[in-house]
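Below is one structure, written out as structure tokens, with a few remarks after it.
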There are 4 protein chains.
Amino acid sequence: MKIAPDTFNVAVGSAEPIYRQLFDGVRRRISAGQFRTGDEMPSVRELAQVLAVNPMTVSKAFSMLETAGILQRRRGLTMVIAPARTHRVEDAAVLLRPSLRRAAREARELGLAREQALQLFNDVLDEPGSET
Amino acid sequence: MKIAPDTFNVAVGSAEPIYRQLFDGVRRRISAGQFRTGDEMPSVRELAQVLAVNPMTVSKAFSMLETAGILQRRRGLTMVIAPARTHRVEDAAVLLRPSLRRAAREARELGLAREQALQLFNDVLDEPGSET
Amino acid sequence: MKIAPDTFNVAVGSAEPIYRQLFDGVRRRISAGQFRTGDEMPSVRELAQVLAVNPMTVSKAFSMLETAGILQRRRGLTMVIAPARTHRVEDAAVLLRPSLRRAAREARELGLAREQALQLFNDVLDEPGSET
Amino acid sequence: MKIAPDTFNVAVGSAEPIYRQLFDGVRRRISAGQFRTGDEMPSVRELAQVLAVNPMTVSKAFSMLETAGILQRRRGLTMVIAPARTHRVEDAAVLLRPSLRRAAREARELGLAREQALQLFNDVLDEPGSET
DNA sequence: GTGGTCTAGACCACA
DNA sequence: GTGGTCTAGACCACG
């Protein structure tokens, strides 16, 4: 029910803004069914400390998630995952497609055949997950 | 020998900086064998006009390519693709891997099975190329 | 820890580009031990104002220093001197040699004897420092 | 009497403009007594070919030397070193000092003691001459 | 507040 | 013609 703060991970050195990593990370985990309606987020302060980032950054991500109808604010308590009716639970395909499109365009410019690109993706899927 | 200016394409609205798009585009085309040592780049001004961007933006990309040993300056003339010994022609896999890693990480967070992710990538590879 | 903006000085009229003067100046001060890992650079805007140059000029120098692994970016904060492992702290001899080589070549072309050239350098070392 | 074209050498890759290298090279050799009044320069065309540079570049250097009273034009013939009365034969010290000043300033910023700087210059004077 | 990106336009150095 | 440098000023993203 309560989501552990170490569920999240951000790459501070990444070109991807931290708040965006948090925002997208929550959306993906909801899509994956890992976070469910009513689950309690860590507090801004706690999460900021665990991730070693500025609380304002976490707060910004949370606010965006609230605006998107994904989180709900509760006076004096931590935010919770909103009921599905306030936001569309995105299909995994929809969330993943932008990254795949980018990779596909690059593969095309690199002159890679479909089989080569797919093989390469297959290999990468084997790697243990780490942040970039 | 002389590279046509319309070989390049940039998405001015993209989050990816224009100069970065140019930089990476050149690297990929070299990797693909489309650009070769000694090939002459368009002039900064010409390319800037064709792409409808500021010459300084193009100049910045060219300077970065020179710093990377990929382009060579010739006083009074346009820049040329440098000999391979000054810059390691990157393997396509090396250039593509970062984008695939990102997609793989997202697929993992989305709880997608390998087969689903590969199928999705396969579908996207069918789409006609367009910039983002 | 914080580096004072007036530590830097540039000669705007010099043939040496301003951004290059800044770049080399930082390298030399690191070599001299005057700047150390973790020291905070002035902000781009502050330094630009003190030097009475355009912020983009300072920014270009900083970017080059970052590319060289000498400075590190910190989102929302000023840049800092990077740990030595990312950039080789250059030996003073290495940094000074190019200028000495040039002088030596000229002395040779001028037909100066070693003693004359050394004497002349000794005299010049007495002059109070000023920019060119 | 006729100056051999291979007396000159330029570094096309240098930051120093080619025409400047030629201009200063002639001045230094006159100062050294290597070139004397009446000595015949190579033709623009010949020198350009030997150095593998654009004839306009050589021509520019020659014109500047003429403007400085150092060379004299002769209809249909190559230019010659002008008599000393039309230009000051510069003292070697005057011609060398700018480069030494630069080196001295850098040595200062590097925190080098006088003895270290002199020692380093002495070492460099031992190196066989090459262009930079 | 921080730095990043881009523009429009100028001037210079070089060939 | 080429690229390099700099300016003034705008807007954005991030924290």
Side-chain angles (χ1 to χ4, degrees), chain A residues 12 14-22 48 51-61 63-64, chain B residues 10 12-22 40-48 51-63 65-66 71-80, chain C residues 10 12-22 40-48 51-63 65-66 71-80, chain D residues 10 12 14-22 48 51-61 64:
Chain A
V12 289
S14 165
E16 188 91 2
I18 296 169
Y19 81 90
R20 200 97 182 63
Q21 297 179 42
L22 287 171
L51 298 178
V53 300
N54 192 311
M56 271 188 60
T57 306
V58 177
S59 180
K60 178 171 184 175
S63 293
M64 287 178 66
Chain B
V10 293
V12 289
S14 166
E16 188 92 1
I18 296 171
Y19 75 88
R20 202 92 184 68
Q21 297 180 43
L22 285 172
E40 299 171 15
M41 294 290 284
S43 79
V44 168
R45 286 165 170 89
E46 183 185 14
L47 186 51
L51 298 178
V53 301
N54 189 290
M56 264 198 79
T57 305
V58 176
S59 180
K60 178 169 183 176
F62 281 18
S63 293
L65 286 163
E66 189 204 6
L71 289 187
Q72 272 184 342
R73 206 191 311 271
R74 302 178 301 168
R75 290 210 257 217
L77 301 174
T78 63
M79 302 179 88
V80 294
Chain C
V10 293
V12 289
S14 167
E16 189 91 1
I18 296 171
Y19 75 88
R20 201 93 184 66
Q21 297 179 42
L22 286 171
E40 300 171 14
M41 294 289 286
S43 79
V44 167
R45 287 165 169 89
E46 182 184 15
L47 186 51
L51 298 178
V53 299
N54 190 292
M56 263 198 80
T57 305
V58 176
S59 180
K60 178 170 184 177
F62 281 19
S63 292
L65 287 162
E66 189 204 6
L71 290 186
Q72 272 183 342
R73 206 192 311 272
R74 303 179 301 169
R75 291 210 258 216
L77 301 175
T78 64
M79 302 180 87
V80 295
Chain D
V10 294
V12 289
S14 165
E16 187 91 2
I18 296 169
Y19 82 90
R20 201 91 181 71
Q21 297 179 43
L22 287 172
L51 298 178
V53 300
N54 193 309
M56 270 188 60
T57 307
V58 176
S59 180
K60 177 171 185 175
M64 289 178 65

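As the structure is a computational prediction, the values presented were derived from the model and not from experiment. Below, chain A is the first sequence line, B the second, and so on; all start at residue 1.
- Between C/Met41 atom CE and E/dG1 atom P there is a gap of 20 Å when expressed in whole angstrom units.
- Residue B/Lys60 places no side-chain N or O under 4.0 Å from the OP1 or OP2 atom of E/dC6.
- At a threshold of 4.0 angstrom between heavy atoms, the contacts of D/Val53 with the nucleic acid are absent.
- For B/Leu22 and E/dT5, the CG to C1' distance is 13 Å, given to the nearest whole Å.
- Going from atom CG of C/Leu65 over to atom P of E/dG3 covers 13 Å, rounded to whole Å.
- The distance between atom CZ of C/Arg75 and atom C1' of E/dG1, rounded to the nearest whole Å, is 16 Å.
- Each of B/Thr57 and D/Ile18 lies near DNA chain E, and the nucleotide nearest B/Thr57 is the one positioned closer to the 5' end.
- For the pair C/Tyr19 and F/dC6, the criterion of a side-chain N or O lying under 4.0 Å from OP1 or OP2 is not met.
- Annotation: of the two residues near DNA chain E, D/Arg20 and C/Ser63, the 5′-most nearest-nucleotide partner is C/Ser63.
- The shortest distance between the side-chain N/O atoms of C/Ser43 and the OP1/OP2 oxygens of E/dT2 is below 4.0 Å.
- For B/Ser59 and C/Ala52, each mapped to the nucleotide of DNA chain F holding its nearest heavy atom, the one lying further toward the 5' end belongs to B/Ser59.
- Counting only Watson-Crick and G-U wobble pairs whose two distances sit under 3.5 Å, DNA chain F takes part in these stems of three or more pairs: E:1-14 with F:1-14.
- The residue B/Asn54 sits close to a base: some heavy atom pair falls under 4.0 Å.
- With contacts defined as side-chain heavy-atom distances shorter than 4.5 Å, the pair D/Leu51/D/Ile18 does not qualify.
- Rounded to a whole Å, the CD atom of A/Gln21 is 14 Å from the C1' atom of F/dA13.
- C/Glu46 places its CD atom 12 Å from the C1' atom of E/dG1, with the value rounded to the nearest Å.
- Between the side chain of B/Arg45 and the base of F/dG3 there is at least one donor-acceptor pair of N/O atoms closer than 3.5 Å.
- The side chain of B/Met56 approaches F/dT5 more closely than any other nucleotide in the set E/dA15, F/dT5, F/dG3.
- E/dT2 atom C1' lies 14 Å from atom CD of C/Glu66, rounded to whole Å.
- One can place CE of D/Met64 at 12 Å from C1' of E/dA13, the figure rounded to the nearest angstrom.
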